[in-house]
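Data first, discussion second: the structure below is written as structure tokens.
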Amino acid sequence: MGEEAPFDTRLALAVGGDGDAAAKTTDADGTGTRKKLRLTKEQWDFLDNRYRENSSLTPMQKPELADLLNLRPRQVEVWFQNRRARTKLKQKELDCEFLKKCCESLTEENRQLKEELQELRSVNSRQRLSCDSPRQRH
DNA sequence: AGCGTCAAGAGGGTAT
DNA sequence: ATACCCTCTTGACGCT
């Protein structure tokens, strides 16, 4: 995967284009099922830029961003929360990959060392054999 | 149909 | 007590 572009063709449909994203989040149709909100690419990019500057919100930033992007402060808060979680998960995956490589190279090193040891042992036993054999008298 | 992604809810921890 | 965070979970949605 990777830090792929989070948006695709759905983008155009996000928040229905009326700008009132917040109103679309919960039970908008009165059926008890909450509607799925997708932030627009612009909203996402804006939040992402702010996230890259600072991964946590200052108390001033939350209402400011919410106002700017026409979202509820809670939505901005949740976005940052989820963004941090995604970053952390991504890092875990990278760490895991790194450890896997370490493990592979150590396994290979171990294999080579065992091979060397085996070789040394057989050389050693051959030498002992030749020393221990009865000496020929003339 | 199953899967991945994302926004949001729930619940618990911590600092002030 | 309340504001903020983290983690896990849920539900909607698009894609294959």
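Every chain is numbered from 1, with letters handed out A, B, ... down the list of sequences.
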- [ ] Sugar-phosphate atoms are those with a prime plus P, OP1 and OP2; base atoms are the rest. Using that split, label each nucleotide of nucleotides 3-10 of chain C B, S or - for protein heavy atoms under 4.0 Å, 5' to 3'.
- [x] -SSBB--B

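Between A/Lys114 and A/Glu119, no side-chain nitrogen of the basic residue sits less than 4.0 Å from a carboxylate oxygen of the acidic one, so the salt-bridge criterion is not met. Ion pairing of A/Arg111 with A/Glu115 is present here, as a side-chain N (NZ or NE/NH1/NH2) and a carboxylate O approach within less than 4.0 Å.
No continuous path of hydrophobic side-chain contacts links A/Val78 to A/Leu68 [ILVMFWY only; heavy atoms under 4.5 Å].
The separation between A/Lys90 atom NZ and B/dG4 atom P is 14 Å, rounded to whole Å. Rounded to whole Å, the distance from CZ on A/Arg74 to P on B/dA8 is 9 Å. Distance A/Leu39 CG to B/dA8 C1': 11 Å, rounded to the nearest Å. What separates CD of A/Gln75 from P of B/dA8 is a distance of 4 Å, to the nearest Å. Separating the CG atom of A/Asp48 from the C1' atom of B/dT5 is a distance of 15 Å, rounded to the nearest angstrom.
There is no side-chain donor-acceptor pair under 3.5 Å between A/Gln112 and A/Glu116.
Within the structure, a side-chain polar atom (N or O) of A/Trp44 is placed less than 4.0 Å from OP1 or OP2 of B/dA7.
Checking side-chain atoms of A/Ser55 against main-chain N and O of A/Tyr51 turns up no donor-acceptor pair under 3.5 Å. Listed for the A/Glu77 side chain is no donor-acceptor partner under 3.5 Å among the backbone atoms of A/Arg74.
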